A.B. asks: 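Quick one: structure below, then a few questions.
Keep in mind that this is a model prediction, so the values were computed, not measured. In the text below, chain A, chain B and the rest are named by the order of the sequence lines, each starting its count at 1.
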Amino acid sequence: MGAGHGGALTARYLPGSTVVHRLEPHPKLVAVLAFALVVVSTPVHAPWAPAAYAGYLLAVLGAAALAGVGPGRLVRGLVVEVPFVAFALLLPFVARGPRVEVLGLSLSESGLAAGGGLLAKATLSILAATVLAATTEPRALLRGLQRLRLPQLLVQILMFMIRYADVVGSELHRMRVARESRGFTGGGLRGLRVLAATAGALFVRSYERGERVHLAMLSRGYTGTLPAGPAAAVDARGWAVALALPAAAACVLLTGTLAG
Amino acid sequence: MTAPPPSLLVEDLAFAYPDGHQALFGVDLRIEKGERVALLGPNGAGKTTLVLHLNGILRGGRGRVSVAGLDVTKRSLPEIRRRVGVVFQDPDDQLFMPTVGEDVAFGPRNLGLSEDEVAARVTTALDQVGMSGAADRPPHHLSFGQRRRIAVATVLAMRPEIIVLDEPSSNLDPAGRRELAEVLDALPVTLLMVTHDLPYAAQLCARSVILDDGVVVGDGATHEVLADAPLLAAHRLELPYGFSPRPAG
């Protein structure tokens, strides 16, 4: 399943010891969230919006450079954006209002601005999240979320996802091997039916595993909350370094609002 | 000086699942402190149902279970689960935390121990199963045999009165099997081992109990139980080809 040695989710992480890697996870999470908030609060129809997007881009690329995250890694991170791109490309065609001619197509002006804005904002936020994912191990992220008081239940669900992604992945892989060993090639309506049966079987197996894991947890005194280990304190400098990214973005936004 | 209470005392335990299927029909079992006992029986004999009663996961049938003198009741559950360490068959079910160290720490933290004490117990437990130095590794990086030994460490860290192992030798390669046997042999606790693996029972446990159709049908020295061919045959138990039981030297 392409899980490789490090596991499907751990593969997002690039080991390193840059200043960004050394930051505790929760200031980084706050920084990325704050950056995304600044980016989305930029008015799309303001004439200075493109300049602001360029400013944000510079800030996030600076952070990526500081973290040693290369352009290839950043571009791969953008793959999750594809559905947004499709939607953003649709907007100029379906939006109302004054229209402009581009290459013989009649497009809505406000649709263009909205679509472009959506695309830019999504791209910028995902770039920041990619830097976070590349410099923070999944379990450190969980620790960060726990520190930020995300509801216990959500943290536990995420934790199980990280732990069991590879287990379920290899189960799926074994089922595929078993299918193909009996001459299944896929394709067509019949193929879909077989795949649906596989998905069903995988669901049942995972559900049963969930029950067994729960039993094992109860057997060791689980009462509904995950006991957290010792947490490192974050000094003012750590917070300052992490929050430099959203602060830079906020400066860009402020400048635009005042000058525009 | 009075003798310590038995590590495990099961009296007239009967249990039916909510769907009406009755799994246990009055089980009696007494295991003294420090004993090594193999629980043998065919599939569907009620072995797993019995194990789940030992730490109070299943309750509500007839009879009584007590661990080192403490009855299993709703109120005593936290202490019962500290005293009874169950090692489940699939280590991937048992090891659910992102790293080995956090997983071994899960039980002690549930007991509310201080972080210093938790850290000390994690180190000791990993040491006892020959896995010191693995604390920071994610479980999926380890071999199956290593994961099973870590699963043993996760209950050792709770300093249990009795360790219950469900099919400990299943899916292990010969070296993994031997390594686990060495670990189990060196543990200073009472041991109850649920298994189909009769040579493993002979190697590790002086006493064997056969459970079938929800009742205890055989109980005695392992070499005698395994030499009783009609008893084994009556309960779908078979020695591997070429294996002959003899008293442990």
A.B. asks: Do B:His140 and A:Val167 come within less than 4.5 Å of each other through their side chains, counting heavy atoms only?
C.D. replies: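 The answer is no, as the side chains (C-beta and beyond) never meet within the 4.5 Å cut-off.
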A.B. asks: Relative to chain A, which segment of B:Gln94 carries a heavy atom at a distance below 4.5 Å: side chain, backbone, both, or neither?
C.D. replies: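 Its backbone and side chain both get close to chain A.
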A.B. asks: Do other residues, nucleotides or ligands put more than 12 heavy atoms under 6.0 Å from the CG atom of A:Leu154?
C.D. replies: yes
A.B. asks: Do B:Phe88 and A:Arg212 touch side chain to side chain, with heavy atoms closer than 4.5 Å?
C.D. replies: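 Sidechains of A:Arg212 and B:Phe88: no contact.
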A.B. asks: Using the side-chain contact (heavy atoms from CB on, under 4.5 Å) definition, which of the options A:Arg163, A:Glu137, A:Arg139 pairs with B:Thr99?
C.D. replies: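 It is A:Arg139; the other options fail the test.
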A.B. asks: Top residue by heavy-atom pair count (under 4.5 Å) with chain A, among B:Asp92, B:Ile57, B:Leu95?
C.D. replies: B:Asp92
A.B. asks: I'd like to know which of B:Val86, B:Leu77, B:Asn55, B:Leu52 tops the heavy-atom pair count under 4.5 Å against chain A.
C.D. replies: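 Answer, by heavy-atom pair count under 4.5 Å with chain A: B:Asn55.
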A.B. asks: With a 4.5 angstrom heavy-atom cut-off, which part of A:Tyr164 approaches chain B: side chain, backbone, both or neither?
C.D. replies: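 Only the side chain of A:Tyr164 comes within 4.5 Å of chain B.
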A.B. asks: Quick one: pull up CE in B:Met97 and CG in A:Leu142 and give me the separation to the nearest 0.5 Å.
C.D. replies: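 Taking CE in B:Met97 and CG in A:Leu142, the distance rounds to 9.5 Å.
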A.B. asks: Find the one option among B:Val87, B:Leu111, B:Asn110, B:Val118 whose heavy-atom pairs under 4.5 Å with chain A are most numerous.
C.D. replies: B:Asn110
A.B. asks: Would you mind reporting whether B:Asp103 and A:Arg220 have side-chain heavy atoms less than 4.5 Å apart?
C.D. replies: yes
A.B. asks: Pick from A:Met159, A:His214, A:Gln156: which one has the most heavy-atom pairs with chain B under 4.5 Å?
C.D. replies: A:Met159
A.B. asks: For A:Asp235, is the CG atom crowded, meaning more than 12 foreign heavy atoms sit under 6.0 Å from it?
C.D. replies: yes
A.B. asks: Give, as side chain, backbone, both or neither, the part of B:Ile80 having an atom under 4.5 angstrom from any heavy atom of chain A.
C.D. replies: neither
A.B. asks: Within a reach of under 6.0 Å around OH of B:Tyr17, are more than 12 heavy atoms found that belong to other residues, nucleotides or ligands?
C.D. replies: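 Yes.
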A.B. asks: Examine whether an atom of B:Gln89 lies under 4.5 Å from a heavy atom of chain A, and if so say whether it belongs to the side chain, the backbone or both; otherwise answer neither.
C.D. replies: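 Neither the backbone nor the side chain of B:Gln89 comes within 4.5 Å of chain A.
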